[in-house]
Amino acid sequence: MLIDSHVNLHAPQFDADRQEVIDRARAAGIALMVNISDRLSTFPANRAIAEAPDIWCTVGVHPHEAKDVPDLSPRTLLDLADDPKVVGLGETGLDFHYDLSPRDIQAKVFAAHIAAAQESGLPLVVHTREADGLMTQMLEEAHARAPFRMLLHCYTSGPELARRAAALGAWFSVSGIATFKAAEEVRAVIRDMPADRIIVET
Ligand SMILES: [Zn+2]
């Protein structure tokens with residue numbers, strides 16, 4: 001069975017032909033899809049798409065959008081996640097490549113998601129880019145306080161973060177980037193990941 005663990009069907013790019021896109025995915029054999037939240041303001045649209053029996057969703061704020069909700073509380077996430085169609089929190093994390101939100105705000109909003117994951121038991125969908133040091137520190141410190149589940153999605157960060165997150169039980173998704181000719185470094189990191197905890201992301 002094929003599950004697409006990371007779709008963004010509420011994105012405006014799909015306004016013209018959203019249903020056709022979903023139907024094509026089904027025709028291609030995708031049995032389940034997880035529509036990933038990127039901001040709270042679009043969560044209702046995301047959740048509405050997850051009315052379909054084969055579509056599920058997450059709730060969370062992408063690090064790019066963290067600046068919109070600097071005071072996000074775990075409670076807000078937990079209330080929205082108290083819904084049978086919500087199967088995860090995020091995507092959330094740290095992106096110090098684009099820096100579209102101030103780094104301290106990204107970290108604060110990420111910490112709120114971690115706390116919600118610890119309390120609810122829902123897995124975190126983690127986005128991390130050029131933030132290996134702080135990401136490792138936040139995951140390890142929080143995990144030592146209370147365990148939580150996580151998927152590091154579209155992983156292109158370094159081997160040290162991969163190793164240490166794997167030690168915390170993390171899952172990883174790897175994308176088509178791994179097939180690029182110049183991406184030998186990415187492939188080397190993937191070779192060291194726990195083979196039974198890798199997901200392919202398109
Ligand atoms: Zn991402």
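Counting starts at 1 for both ligands and their atoms, following the listed order.
Using bins of under 30°, 30° to 60° and over 60° for the plane-to-plane angle, the ring pair His127/His153 lands in the tilted bin.
A cation-pi geometry, defined here as NZ or CZ lying under 6.0 Å from the six-membered ring centre and within 45° of its normal, does not hold between Arg197 and Phe172.
Checking His153 against the Zn ion (ligand 1), an N/O/S atom falls under the 2.8 Å cut-off.
Salt bridge absent: Glu20 and Arg24 never bring a charged side-chain N and a carboxylate O closer than 4.0 Å.
In His127, the N, O or S atom that comes nearest to the Zn ion (ligand 1) is ND1. Restricting Glu91 to its N/O/S atoms, the shortest distance to the Zn ion (ligand 1) is reached by OE1.
The number of heavy atoms from other shown groups lying within 6.0 Å of CD (Glu140) is above 12.
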